[in-house]
**Q** 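Before I ask anything, here is the structure I am working with.
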Amino acid sequence: MTPRVELRDVGKQFAGVWVLRGVTLTVPPGAVLGLVGENGAGKSTLMNVLAGVHRPDAGTIRVDGADYAPRSPAEAAAAGIALVHQELNLFPNLSVGENLFLDRLPTKGAVPLRRVDRPRLRADAEEALAVVGLAVDPGRPVSGLSPGERQLVEVAKGLAAGARVLILDEPTTSLTRPEADRLFALVRQVRAAGKSVVYISHNLPDVLGLCDAVAVLRDGALVAHGPAGEFTEDRLITLMVGRQLDQVYPQRATGPTAEPLLELDRLTRPGAAPVSLTVHRGEVVGVAGLMGAGRTELARAVFGLDPVTAGDVRLGGELLAALTPAARIRKGLAFLTEDRRGDGLLMDAALTDEVSLAALPRHGPWLRPGRLRQAVAAAAIRVNLSQGRLDERTARTLSGGNQQKAVLAKWLLAGPRVLILDEPTRGVDVGARAEIYRTINELVKAGLGVLLISSEVEELLGMRDRILVMAGGAVRAEFRRPEFDREAILRAALAGRAA
Amino acid sequence: MTAGAGVGEPRNSRTGDLARRLVRSEALPLAFAAAWVGAVAVVEPAVLTRRNLENVGLAALPLLLAAVGQLFVLVVGGIDLSTAAVAGAASVAAGLVMREVPNAAVGVGAVLAVGLGVGLFHGLAVAGLRMPAFLVTLATSSAVAGGAVWATRSQKLAGLPEGFLSLGWQGDLFGVRSSVWVAAAVVVVAHLVLARTVFGRQLYAVGLNAATARVSGVPVGRRIAAAFAVSGVCAAVAGLMLAARQKAAAADLWRADVLLDVLGAAVIGGASLRGGRGTVLGVVVGVAVIALIGNTLTLLDLDSWHVTMAKGGLIFLAAGLDILRTRGDRR
């Protein structure tokens with residue numbers, strides 16, 4: 001039988017880095033394939049290639065035996081491939097019916113008076129919704145629907161467009177259990193109708209329960225592919241993780257002290273569980289977890305960027321509650337954010353201005369440009385950022401690694417006691433990575449405390465003194481040095497999902 | 001996908017850098033203005049007489065003040081459309097209080113109070129309530145101008161105290177007019193604040209990326225509010241000057257279309273409506289360009305609508321230059 005989808009040696013690179021390599025995979029008609037892997041393993045990239053968002057840089061794809069090389073999501077949709085995104089792609093202000101048929105609204109009348117054929121739209125929409133068993137009025141705006149209902153609308157949209165392959169990317173993240181079960185029933189029904197489904201999820205019990213076959217991605221390559229019956233949850237975790245600690249992580253000679261620096265005492269964000277944790281002088285505390293586990297949100301709350309409803313943050317015993325970010329920086333807190341371009345850097349300022357920004361209040365009110373330039377140059381040397389004339393280049397002209405070093409230099413210049421690093425090596429090449437790790441070690445040696453948020457378990461294992469695992473907004477587990485076990489860490493991170 | 005977008009390709013082109021620096025500097029509009037005036041002088045030598053240049057310079061002083069104030073707001077990424085209304089209202093407030101207390105200091109106090117009050121109100125609405133600056137300043141513009149007309153029954157308020165006129169326009173100090181001193185002081189202070197203080201540096205940071213500025217410890221809301229306050233005060237002082245020059249306060253001292261001159265001068269001088277760019281020196285050059293274009297075309301016996309058309313075209317070109325300057329900068 002001709003496979004519905006056949007990927008052969010598919011590869012994809014971004015800026016010279018292969019994020020997907022030699023993926024060969026088939027999905028038969030009427031089958032559900034589960035796709036699992038750690039964050040950054042290449043799952044979403046692979047599906048974006050399949051759905052026409054990205055074009056592959058290597059390999060070929062065939063759909064029902066015919067060559068398939070979509071140049072846009074619209075072409076992919078026309079070929080019968082529908083992608084239901086992690087973040088839903090519906091327009092909340094439009095009605096359910098309009099969302100379902102947005103790209104081909106039925107019309108009536110001749111050109112000057114052409115208008116939407118409302119009765120037909122309603123009839124078509126009702127038919128499409130009946131397929132997924134969703135009993136809502138097609139005239140209702142999507143904003144009034146629950147997350148589960150929206151998910152079903154997305155599926156209905158794909159099916160109504162004549163999809164032969166339905167890709168679901170983390171569909172249950174925001175669903176309640178009954179809503180998820182309803183979705184699974186729908187997936188089985190779609191399969192029974194001879195269509196194929198690719199199901200991406202971190203929820204391994206769901207994957208094993210729902211899928212006919214499972215494929216495991218790691219570092220952009222396929223490491224296992226077979227019938228679901230051949231896998232257990234434990235084996236999947238081992239396959240997702242299993243690689244060696246490489247030489248990127250430099251040894252640290254010093255260990256943590258017993259002196260607490262940053263203390264969170266039942267710090268509570270709106271709608272999240274209280275979090276308590278302590279970072280000591282000279283300690284790197286890793287925070288593991290999946291995307292959406294609440295780690296970035298926690299860091300923002302600690303830094304005073306987002307509101308908290310209860311609990312305390314102390315720095316060196318001093319209460320930080322009610323202080324602005326500016327005041328917290330003065331007290332010695334620093335925050336390297338996960339989104340360099342969004343809120344980490346002034347992309348278009350001269351590097352001197354960018355790197356000195358957080359330390360400015362200590363150099364005021366009148367600026368002495370010469371002294372500032374010297375201070376910036378010194379900080380740049382500490383992070384090994386040697387990019388010529390810092391007062392002429394802008395961050396935009398730097399590589400990802402050097403951009404991150406610039407952010408690090410900015411915080412060093414502010415003279416912090418505790419550094420919160422949120423995904424400090426995302427989009428950073430291996431060489432710059434090692435230099436960032438080396439800088440972290442030097443800081444810790446000098447008595448700073450570091451809270452290291454990372455989605456890469458390897459990075460946490462390489463850099464940490466302790467690892468906390470967050471899931472669903474709360475700290476679920478803590479691992480101390482002798483008992484590090486990457487499988488246990490991943491299991492704890494996944495546990496929040498299954499709950 | 002972050003994987004692709006996160007890694008920027010380093011660009012390096014010397015000629016590109018040079019061209020970039022040229023279009024970014026204030027030298028370009030200055031050279032343009034000089035060439036233009038030189039060319040006109042061939043046909044009409046009266047342009048380069050001392051008397052003409054003095055007149056042009058003096059007439060442009062209120063515009064210079066308003067444009068410097070506008071620059072602060074543009075730097076933080078906002079816009080202030082209330083210039084003309086605030087200038088008129090400030091002069092009216094001064095005229096009214098000085099009817100009761102004929103004292104220049106009281107009049108100046110009223111001018112500053114109106115400018116600061118309206119400016120802070122703008123800042124509060126834009127920074128605190130996150131309302132769009134465009135709409136907020138347009139709305140207060142209408143309200144303030146209406147209020148000033150109502151308070152004066154749309155009459156001019158003549159008979160301003162001698163001290164006020166002297167301070168605002170023609171008083172003499174060391175052989176130079178008081179209005180020149182005032183404008184020079186504002187320009188120098190504004191330049192020092194923007195170029196040489198932490199406060200100024202933070203204003204640029206807010207305009208370039210408010211989210212980054214906030215994470216980096218810049219009190220973003222207060223900086224935005226301060227920028228609008230500066231703009232309000234500058235517009236009010238421009239109103240004081242205009243009133244002193246024509247020896248009467250009035251709600252319509254300035255026609256609303258002076259706004260195009262204000263924004264045009266700032267943009268010609270290198271400010272960007274997208275925030276984070278512009279210098280006081282540039283604004284001075286921009287005001288000079290605007291003033292000289294108007295003056296030279298008038299001397300060439302062109303009608304006022306020709307002048308307006310030429311200015312419009314020029315500002316359009318400057319806006320194009322702004323795109324050229326920041327192209328590739330933004331996402």
**Q** Looking at B/Val215 and A/Ile329, what are the two nearest heavy atoms and their distance?
**A**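 Looks like O-CD1, 3.7 Å.
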
**Q** Mind checking the CG-CG spacing from A/Leu367 to B/Leu192? Nearest 0.5 Å is all I need.
**A**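 Taking CG in A/Leu367 and CG in B/Leu192, the distance rounds to 11.0 Å.
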
**Q** Taking all atoms of both residues into account, what is the closest heavy-atom pair of B/Gly217 and A/Ala326, and its distance?
**A**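 Scanning both residues completely, I find the closest heavy atoms to be O-CB, 3.1 Å.
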
**Q** Measure A/Lys410 against the heavy atoms of chain B and call it side chain, backbone, both or neither at under 4.5 Å.
**A**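 The side chain, not the backbone.
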
**Q** When heavy-atom pairs shorter than 4.5 Å are enumerated against chain B, which of A/Pro365, A/Pro369, A/Ala395, A/Ala414 gives the highest number?
**A**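 With the most close heavy-atom pairs to chain B, the winner is A/Pro365.
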
**Q** Please confirm whether the backbone N or O of A/Leu345 pairs with a side-chain atom of B/Thr212, one donor and one acceptor, at under 3.5 Å?
**A**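 Pair found, side chain donor or acceptor close to backbone of A/Leu345.
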
**Q** With rounding to the nearest 0.5 Å, note down the distance linking CG in B/Asn209 to CZ in A/Arg341.
**A**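 If we round to the nearest 0.5 Å, B/Asn209:CG and A/Arg341:CZ are 11.5 Å apart.
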
**Q** Side chain, backbone, both or neither: which part of A/Pro361 has a non-hydrogen atom closer than 4.5 Å to chain B?
**A**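 Looking at A/Pro361, backbone and side chain both touch chain B.
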
**Q** Could you list which of residues 415-424 of chain A have a heavy atom closer than 4.5 Å to any heavy atom of chain B, in residue-number order?
**A**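 No residue falls under the 4.5 Å cut-off.
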
**Q** Minimum heavy-atom separation for B/Ala211 and A/Gly342, please, with both atom names.
**A**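 The answer is CB-O, 3.7 Å.
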
**Q** For chain B, which candidate among A/Gly304, A/Ala358, A/Pro325 shows the most heavy-atom pairs at distances under 4.5 Å?
**A**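 Highest number of pairs under 4.5 Å: A/Ala358.
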
**Q** If you apply the rule side-chain contact (heavy atoms from CB on, under 4.5 Å), what do you find for A/Thr324 with B/Arg214, and how did you get there?
**A** CA-CA 10 Å; A/Thr324 61; B/Arg214 182 151 183 256; over 6 Å; no

**Q** So with a 6.0 Å cut-off around CZ of B/Phe199, is the heavy-atom count from everything else above 12?
**A**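 Atom CZ in B/Phe199 is crowded, with more than 12 foreign heavy atoms closer than 6.0 Å.
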
**Q** To the nearest 0.5 Å, what is the distance between CZ on B/Arg277 and CG on A/Asp348?
**A**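 It is 5.5 Å, given to the nearest 0.5 Å.
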
**Q** Give, as side chain, backbone, both or neither, the part of A/Arg330 having an atom under 4.5 angstrom from any heavy atom of chain B.
**A**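 Looking at A/Arg330, nothing touches chain B.
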
**Q** Rounded at 0.5 Å granularity, tell me how far CG in A/Leu360 sits from OG in B/Ser216.
**A**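 Between A/Leu360 CG and B/Ser216 OG, I get 9.5 Å after rounding to 0.5 Å.
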
**Q** Could you report the tightest heavy-atom contact between A/Ala349 and B/Leu208, atom names first, then the distance?
**A**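 Taking A/Ala349 first and B/Leu208 second, the nearest heavy atoms are CB-CD1, 3.5 Å.
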
